[in-house]
Amino acid sequence: MSDAEHRDNFIVDIIERDLARGRHDRVVTRFPPEPNGYPHIGHAKSICLNFSLAQRFGGRCHLRFDDTNPEKESMEYVEAMKRDIAWLGFDWGEHLYFASDYYEWLYDCAVALIEKGLAYVDSLDEATMREYRGTVTEPGRPSPHRDRSVEENLDLFRRMREGEFAEGAHVLRAKIDMSAANMKMRDPALYRIKKAHHYRRGDDWVIYPLYDFTHCLSDAKEQITHSICTLEFENNRDIYDWVLENLDLAPYESGTRPHQFEFARLNLSHTMMSKRKLLALVEQGVVTGWDDPRMPTISGMRRKGFTPASIRAFADMIGVAKNNSLVDLGKLEFCIREDLNDVAPRVMCVLNPIKVVIENYPEEQTETFDAPLFPADVGKPGSRDVTFSRELYIERDDFMKDPPKKYYRLSPGAEVRLRYAYIVKCEQVIENDAGEIVELRCSYDPDTKGGKSTRKVRGTIHWVSAHDAVDAEVRMYDRLFLAEQPSEQDEVNPASLTVLEGKLEAAAPSLEATHLQFERQGYFVHDPDGTADRPVFNLTVTLKDSWAKQTKASAPEPAKARPKPKPQEATARVVDPEDQAAADALRARHAGLDGDDALRLVREPRLAALFEAAAGAAPTHTAELAKWTVNEVAAATKEQSELAFDGPALAELVSLVADETISTRAAKSVLAELVEKGGSATAIVEAQGLDRMGDDALAKTIDEVLAQHPVEVERYRAGEKKLLGFLLGQVMRAAGGRADAKSTRQLLTKALG
RNA sequence: UCCGGCGUCGUUCAAUGGCAGGACGGAGGACUUUGAAUCCUCUAAUCGUGGUUCGAAUCCACGCGCCGGAACCA
């Protein structure tokens with residue numbers, strides 16, 4: 001999967017639209033972490049999004065540390081972030097910024113807001129302030145300090161900065177609206193007093209700006225165009241806009257300032273992403289550190305053997321949307337397997353050894369086989385030597401005393417191929433007093449050298465020679481949490497780490513490869529804990545194992561029953577009697593008006609007024625007018641507080657449709673124009689040439705369209721009737737909205753024979 | 001309860017009023033000295049009810065469900 005293959009998402013659409021409309025002439029994004037922990041796979045999604053968006057549009061992406069909360073932040077986290085972003089393959093160039101470098105400027109912005117009467121110093125304590133804020137259903141009340149004079153606010157704010165007051169004594173708040181439906185807009189705090197040491201600014205400051213004030217201004221200062229954050233900030237967008245609109249920020253003309261867009265953060269199954277919990281795991285020593293291979297951190301994943309390409313591919317695969325989704329861990333595993341399949345040389349390593357003695361192989365003899373590092377279909381050169389001798393190790397799982405059906409491996413009296421070597425047969429099983437199998441006695445067939453065989457042997461297993469095998473520590477990892485959606489209370493999986501003493505083929509340690517595939521097992525990576533004498537490997541991901549799946553599947557797996565369609569009854573609508581009366585009155589005045597349409601009009605006075613005015617101008621078309629008002633006009637004017645056109649204009653438009661001067665389709669584009677700029681329907685029709693197409697012209701268009709879509713025509717004629725809709729659509733498009741649907745359908749059906 | 005957001009195959013993302021499609025998963029098959037990889041085939045979805053339209057996943061209305069919001073965190 002190449003990096004260039006980025007599927008479109010709604011943010012790409014937004015950017016393309018902004019560029020096309022000239023709202024921006026370039027793209028500048030930013031990745032704005034707070035340095036209060038190690039970046040994890042969730043950050044990776046955002047990093048990939050922001051940086052690749054910038055790449056795609058030839059813009060740039062800033063790395064900005066949003067470091068306004070001195071108590072949690074440190075340089076260690078800054079360094080970790082920089083290292084991991086670079087490792088992922090992204091480059092912020094010279095655009096490394098810190099919100100903590102903006103403190104002086106931010107302070108000036110705050111002063112400017114105070115001078116405009118848009119911010120004030122509040123001296124309520126925290127609990128009281130919360131009380132004053134009201135609840136989701138009740139409006140808040142203004143603080144008694146809300147009307148302090150500009151002079152007093154300026155004075156107090158200056159003294160806050162100078163350290164005159166204790167923490168909590170005052171905060172600076174924006175003066176917005178204490179009864180806003182959006183709780184975030186009820187005079188949010190902008191600055192608080194915090195006498196804490198900042199990891200970069202030391203003790204320079206005793207007041208610190210809050211997120212809602214800092215973020216939008218930092219974006220503006222850096223001339224970010226698209227500020228992309230996660231869904232939980234949706235309610236903060238109003239503040240973002242409010243601050244930028246109320247400060248005169250020199251570099252911006254109206255509309256070119258940054259705008260915030262939200263996407264859904266990554267949720268990964270069986271993965272805990274809460275920073276607090278992650279910190280706790282590290283601090284309590286549940287894991288060995290931020291880079292423990294079981295951690296979802298970038299550094300943990302790197303140590304576990306994930307590659308940058310696999311993580312980028314994953315980010316690409318899961319896409320970007322606004323749905324709250326839970327991505328299955330299997331997708332990540334797919335991405336890393338796919339990448340490693342092409343890059344990891346194959347070697348053999350026996351993880352749970354059982355000794356095998358080849359009884360008919362001479363005691364002192366050894367021989368060497370040449371084994372390729374990659375299978376044929378990967379198509380990479382290279383090989384290593386593997387040595388064969390009388391004493392070997394094979395995997396304990398590859399022998400069964402009483403094998404089930406379809407078990408292709410070794411069992412008493414059965415034959416199996418030792419990869420690259422000989423076919424062997426199990427002659428005898430040696431057990432200890434406890435009944436445990438301690439050794440297998442086998443014979444080999446000298447005619448099968450190199451694994452070649454004239455007879456059919458289903459199974460091939462890996463092995464190593466006992467005399468030169470290298471002891472290796474192999475760390476096998478399983479998911480840290482068993483639950484699909486772990487909560488912070490969940491205990492970690494006790495089997496998340498199993499340390500094995502593996503027997504590795506002799507040639508493996510000298511191979512110059514970070515990642516190795518242990519054949520038939522999985523992908524492994526060197527861990528820095530290893531030494532030349534004693535290598536240590538981490539399991540990155542197992543190979544797919546359809547045998548294991550099959551044996552497990554024999555245990556009944558409850559088929560995921562889907563709670564299928566429970567068709568809901570059409571719920572009886574509760575109609576406000578007053579609305580009903582008003583609707584009845586409306587229907588009495590305008591003959592032919594549909595009951596539901598009347599109700600809808602009554603409930604939206606703006607539409608009702610438009611309808612009344614239109615109906616006055618075209619009293620014979622009330623029914624159509626109502627439909628148009630309720631459906632089309634309602635949709636087109638949702639965002640508008642004031643209409644650019646009046647009732648008579650709408651009446652004119654609807655009449656044009658009614659007397660078949662223009663098609664419905666054309667009428668919709670006329671309406672769009674009306675909504676945008678106002679004017680007269682007839683004039684727009686004339687200006688854009690939207691009058692109905694004559695039958696001759698229509699027939700010609702149909703012929704052209706059919707000629708352009710021979711395949712679809714053929715399929716239609718072969719019986720795929722649904723393609724009529726497609727072809728009809730193509731004709732409508734080709735006709736630029738001038739075709740009438742009914743006659744087009746007739747003519748098209750005829751043309752298709 | 002108020003405000004905001006979101007509902008499409010098992011999962012995830014597309015379809016911008018015109019053929020519901022891709023990827024992962026799953027099933028089956030081919031091939032196979034990795035029960036891997038590769039290749040082929042199949043599987044399976046528009047939350048519900050009305051409405052607008054020649055045509056609705058998409059527009060309108062009313063429901064239902066899920067997520068977020070009442071920090072001097074970000």
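Everything numeric in this text was worked out from a predicted model, so none of it was measured. All values below were derived from every heavy atom in this structure, side-chain atoms included, with hydrogens, water molecules and symmetry-related copies excluded. Every chain is numbered from 1 and lettered A, B, ... according to where its sequence line falls, protein lines coming before strand lines.
Scanning atom types as modelled, one donor and one acceptor separated by under 3.5 angstrom connect the side chain of A:K331 and the base of B:U11. The base of B:G35 is not paired with the side chain of A:K544 by any donor and acceptor separated by under 3.5 Å. Judged by distance alone, with hydrogens and angles left aside, A:N631 brings a side-chain donor or acceptor within reach of the base of B:G51, the pair sitting under 3.5 Å. Between the side chain of A:R173 and the base of B:C72, no donor-acceptor pair of N or O atoms lies under 3.5 Å. Side-chain to base pairing of A:R409 with B:G35: one donor and one acceptor N or O lie within less than 3.5 Å of each other. Judged by distance alone with a 3.5 Å cut-off, a donor-acceptor contact links the side chain of A:Q517 to the base of B:U34. The base of B:C19 is paired with the side chain of A:E712 by a donor and an acceptor separated by under 3.5 Å.
Note: CD (A:E126) to C1' (B:C73) measures 11 Å, nearest angstrom. The separation between A:D328 atom CG and B:C24 atom P is 14 Å, rounded to whole Å. For A:F263 and B:G68, the CZ to P distance is 17 Å, given to the nearest whole Å. Put simply, CZ on A:R665 is 11 Å from C1' on B:C54, counting in whole angstrom units. One atom, CG of A:D316, and another, P of B:A14, lie 12 Å apart when rounded to the nearest Å. Regarding A:K184, its NZ atom lies at a distance of 15 Å from the P atom of B:G5, rounded to whole Å. In this structure, the CG atom of A:D8 is 13 Å from the C1' atom of B:G22, given to the nearest Å. In this structure, A:M183 places its CE atom 18 Å from C1' of B:G5, rounding to the nearest Å.
Closest-nucleotide positions on RNA chain B for A:E604 and A:R346 were compared, and the one nearer the 5' end corresponds to A:R346. Comparing A:G459 and A:S325 along RNA chain B, the residue whose closest nucleotide (by nearest heavy atom) sits nearer the 5' end is A:S325.
Ring geometry, A:Y191 versus A:F157: the interplanar angle exceeds 60°, so the pair is classed perpendicular (tilted spans 30 to 60°). Ring orientation note: the planes of A:F369 and A:Y422 are nearly perpendicular, at an angle over 60° on the 30°/60° scale.
Within 4.0 Å of A:L210, counting heavy atoms only, lie sugar-phosphate atoms of the nucleic acid but no base atom. Within the 4.0 angstrom heavy-atom criterion, only backbone atoms of the sugar-phosphate kind lie near A:N341; the bases stay farther away. Using a 4.0 Å heavy-atom criterion, one finds that A:V378 contacts no nucleic acid atom at all. In this structure, A:Y208 reaches neither bases nor backbone, as no heavy-atom distance under 4.0 Å exists between it and the strands shown. Contacts of A:D594 with the nucleic acid, taken as non-hydrogen atoms under 4.0 Å apart, are absent. Within the 4.0 angstrom heavy-atom criterion, base atoms lie near A:V171. Looking at heavy-atom distances under 4.0 Å, A:L124 makes contact with a base. Among the protein residues, A:R237 comes within range of no part of the nucleic acid, since none of its heavy atoms lies under 4.0 Å from any strand. Among the heavy atoms of the strands lying under 4.0 Å from A:T68 are primed sugar atoms or P, OP1, OP2 only; no base atom is included. At a threshold of 4.0 angstrom between heavy atoms, the contacts of A:K406 include nucleobase atoms, whether or not backbone atoms are also involved. A:S546 comes within contact range of the sugar-phosphate backbone alone, with a heavy-atom separation under 4.0 Å but no base atom that close. Looking at heavy-atom distances under 4.0 Å, A:K275 makes no contact with the nucleic acid at all. Looking at heavy-atom distances under 4.0 Å, A:R745 makes contact with a base. In this structure, A:L543 reaches the bases: a heavy-atom distance under 4.0 Å links it to at least one base atom across the strands shown.
Less than 6.0 angstrom separates the ring centroid of A:F388 from the ring centroid of A:W463.
The closest side-chain donor-acceptor pair between A:Y240 and A:Q260, if any, does not fall under 3.5 angstrom. Residues A:Q730 and A:Q708 have side chains that never bring a donor and an acceptor to within less than 3.5 angstrom of each other. Donor-acceptor pairing under 3.5 Å is recorded for the side chains of A:R606 and A:T637.
Salt-bridge formation is not detected for the pair A:R186/A:D177: no Lys NZ or Arg NE/NH1/NH2 atom is positioned less than 4.0 Å from an Asp or Glu carboxylate oxygen. A salt bridge links A:R455 with A:E415; the closest basic N to acidic carboxylate O contact falls under 4.0 Å.
Of the possible polar contacts, none joining the A:K322 side chain to the A:L231 backbone as a donor-acceptor pair under 3.5 Å is found.
Helical stems in RNA chain B, defined as runs of 3 or more consecutive Watson-Crick or G-U wobble pairs with donor-acceptor distances under 3.5 Å: B:2-7 with B:64-69, B:10-13 with B:21-24, B:25-30 with B:38-43, B:47-51 with B:59-63.
The side-chain tip of A:K194 does not point at the ring of A:Y208 from less than 6.0 angstrom away and within 45° of straight on.
Residue ring and nucleobase are stacked for A:W547 and B:G35, with a centre distance beneath 5.5 angstrom and an angle between planes beneath 30°.
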